[in-house]
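Chain identifiers are assigned alphabetically (A, B, ...) following the order of the sequence lines, protein sequences preceding nucleic acid strands; residue numbering begins at 1 within each chain.
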Amino acid sequence: MSESGLRVVWVYPDLLSTYGDQGNVLVVERRARQRRLGVQRVDVRSDQPIPTSGDIYLVGGGEDRPQRLAAERLRRDSGLSRAVDNGAIVFSVCAGYQILGHEFINDLGQREPGLGLLDVTSTRGEGERCVGDVLADMDERLGLPQLTGFENHQGVTHLGPTARPLARVRLGRGNGTGDGTEGAWNDTVFGTYMHGPVLARNPQIADLLLKLALDVNALPPVDDRWYEALRAERIAAATQPA
Amino acid sequence: MAGNTEPLPPRAKLAVTAGKAAAAVSRAAGRGSGSVIGGKVALRLDPDLLAKLAQNLDVVLVSATNGKTTTTRLIAEALRAAGPVVSNALGANMPAGITAALAGSGEARYGVIEVDEKYLAAVARDVTPKAIALLNLSRDQLDRAAETRMLAERWREGLSGSKAVIVANADDPLVVWAASSSPNVVWVAAGQEWKDDAWSCPACGGVMQRPGDDWFCGECGFRRPTPSWALSGDHVLDPHGSAWPIHLQLPGRANKANATTSAAVAAAFGVPPQTALERMYSVTAVAGRYDVVSFQGREIRLLLAKNPAGWLETFSLIDGPPAPVILSVNARGADGTDTSWLWDVDYSRLAGHPICVIGDRKLDLAVRLEVAGVDFQVCENAAEAIRQCPPGRIEAIANYTAFQDLRRIVGN
Ligand SMILES: [Zn+2]
């Protein structure tokens with residue numbers, strides 16, 4: 001953490017911000033400020049270099065061609081990988097999650113190399129697009145309450161031996177592999193298929209990112225009334241579909 | 001002679017009759033106006049019906065993510081200066097609804113047709129329009145709509161070689177990409193406040209540069225075309241440099257843009273801008289949108305905003321603080337079930353307004369507003385929200401089914 005406070009880097013909003021992904025940035029920023037932490041938000045467009053001195057990097061979802069362009073530019077840039085080597089936290093969603101893995105299927109139907117920051121490999125599902133509310137139990141090592149999210153993707157992501165599933169789905173598809181896993185994480189790098197955006201529905205994950213970045217075990221409480229009300233409603237909606 | 005005087009061939013006639021019968025049955029069963037189901041039955045009996053119905057009309061198609069219903073109304077009013085018009089004024093904008101509307105065309109000379117973005121290319125193939133108005137493209141209904149850029153691509157393929165005059169917004173790079181495969185384009189500087197779907201060059205994927213009102217790709221030659229028509233403040237500038245005042249009862253910059261495009265379309269049909277713009281004044285509410293309804297001593301203005309670009313334009317037209325604002329969001333089938341888009345809307349622009357949130361997804365809105373740092377109140381329903389507001393003007397902004405709910409409650 002630099003003098004000016006936490007540096008929150010939003011990676012490529014011009015390419016990877018199709019599904020309200022700015023929401024994750026706003027939630028992290030807001031919850032840091034509510035704890036009176038200085039925050040510097042850095043939006044990095046895909047024609048700009050990725051700074052290596054960020055504390056938290058957020059990577060969003062995008063459409064198929066922008067996803068390929070983002071992967072090409074991130075591989076060429078290498079800043080994100082160097083930041084992770086320096087211990088930075090990365091939280092990625094959907095197309096961004098696939099890019100952090102070893103490879104995914106691009107808009108041309110070809111295998112596109114990712115950054116290899118997560119031990120996962122993605123393909124494209126054959127069946128219907130996964131769309132709907134998801135309820136899942138977070139990996140017990142993270143010590144977090146249930147994950148509620150909204151999925152809207154066609155991807156299928158297989159985890160390798162050094163990636164842990166972020167959660168196990170009770171309702172919904174998650175990684176789409178049929179093994180009940182959703183998302184992946186490894187040390188400081190996280191990936192998920194959940195939108196919502198996911199940090200708005202799971203503010204404890206936003207707090208986890210802050211704690212990891214600050215290297216602390218606890219943060220002062222904030223008023224979570226509306227988050228809790230939303231969580232309760234969405235968990236009920238997932239359990240009792242209309 | 002463009003009047004709809006040539007008799008329909010027998011098969012088409014049978015299809016029209018069967019469609020009308022189905023519509024009547026559907027109405028009798030209490031399932032709405034029945035026009036779409038009628039069109040479906042008719043199209044099944046005669047798949048070429050749409051083409052046959054259109055063959056004696058001079059047709060203009062209107063498509064966009066936002067503003068197509070209003071613009072269709074404005075163009076229809078303008079063209080009535082030149083002759084009778086048939087239009088799908090109720091917004092049934094897929095082939096069945098369009099067929100149903102044209103089946104009632106009578107002696108109409110002009111067809112002014114709103115078309116859903118996904119069906120534009122197919123409908124354009126069927127009805128050989130004289131003009132096509134393309135207003136804007138942006139993210140909408142993320143759970144099921146095609147990707148925005150793919151829509152632009154489909155328009156581009158579908159319209160390449162079209163003989164129609166394409167009247168297209170020079171300020172939306174996706175629209176420009178879609179239109180520029182056509183030989184005959186009239187560019188309109190209609191503006192586009194929302195920019196977040198066109199930072200990536202549709203031609204080459206390069207990063208778009210957007211200084212001021214201009215835009216160009218940093219890597220290939222794709223750039224903003226020189227417009228021949230423009231919206232400038234409260235005036236339409238025509239290709240000769242003359243400025244014509246816009247007098248609309250509809251509020252907001254976006255509707256001035258719609259009027260500008262409509263004037264350019266009208267000119268392609270020989271209606272001069274002054275006549276066209278004067279006629280547009282008669283349009284007040286469009287399917288309830290912009291209507292001001294008296295309810296429990298309040299004047300509630302009903303505003304429909306279905307996606308981030310629409311919300312952005314709506315924020316720019318509402319009365320300033322302390323005018324109270326009611327926000328209502330649902331996520332039913334017709335709205336799209338993915339509410340992530342709420343986070344693409346800059347709700348901090350509502351700071352200073354008293355805000356009440358309602359609708360099926362009021363808690364999503366509550367968290368959104370909490371994170372935006374603006375004060376708000378969550379209300380159980382519209383009646384409670386309205387009671388919270390002092391007598392006077394209330395701005396009520398809602399997405400699709402929430403808007404219909406609101407209209408029902410306030411008796412509009
Ligand atoms: Zn380019």
Is there a side-chain contact between [X] and [Y] in this structure, where contact means two heavy atoms from C-beta onward sitting under 4.5 Å apart?
{"X": "B:Trp343", "Y": "A:Val25", "result": "no"}
{"X": "B:Arg361", "Y": "A:Arg234", "result": "yes"}
{"X": "A:Thr18", "Y": "B:Arg149", "result": "no"}
{"X": "A:Gln48", "Y": "B:Val207", "result": "no"}

Option in B:Thr339, B:Asp364, B:Val345 with maximal non-hydrogen atom pairs under 4.5 Å from chain A: B:Asp364

Taking every non-hydrogen pair under 4.5 Å, which of B:Leu363, B:Asp197, B:Leu342, B:Asp344 racks up the most with chain A? B:Leu363

Taking every non-hydrogen atom, the tightest pair across B:Ser200 and A:Leu15: OG-CD2, 3.6 Å

So which atom in A:His195 and which in B:Ser340 form the shortest heavy-atom distance, rounded to 0.1 Å? CB-OG, 3.4 Å

When A:Glu233, A:Gln22, A:Arg201 are compared by non-hydrogen pairs under 4.5 Å with chain B, the top option: A:Glu233

Of all of A:Pro13, A:Ser46, A:Ser17, which one pairs up most often with chain B through heavy atoms under 4.5 Å apart? A:Ser17

Show your working on side chain to side chain contact (heavy atoms under 4.5 Å, CB included) between B:Met208 and A:Asp14 and close with a plain yes or no. CA-CA 9 Å; B:Met208 210 68 96; A:Asp14 54 322; over 6 Å; no

Checking heavy atoms, do the side chain of [X], its backbone, both or neither come under 4.5 Å from chain A?
{"X": "B:Asp346", "answer": "neither"}
{"X": "B:Glu153", "answer": "neither"}
{"X": "B:Asp196", "answer": "neither"}

So does A:Arg170 have more than 12 non-hydrogen atoms from other groups sitting under 6.0 Å from CZ? no

Does CZ belonging to A:Arg111 count more than 12 external heavy atoms closer than 6.0 Å? no

So for [X], is it side chain, backbone, both, or neither that comes closer than 4.5 Å to the heavy atoms of chain B?
{"X": "A:Glu151", "value": "neither"}
{"X": "A:Arg73", "value": "side chain"}
{"X": "A:Asn24", "value": "neither"}

Evaluate the side chain to side chain contact (heavy atoms under 4.5 Å, CB included) criterion for residues B:Leu369 and A:Trp226: first the C-alpha distance (whole Å), next the side-chain angles of each, then the deciding distance (0.1 Å), finally the verdict. CA-CA 10 Å; B:Leu369 293 171; A:Trp226 294 114; over 6 Å; no

Ionic contact status for A:Arg30 with B:Glu370, cut-off 4.0 Å: yes

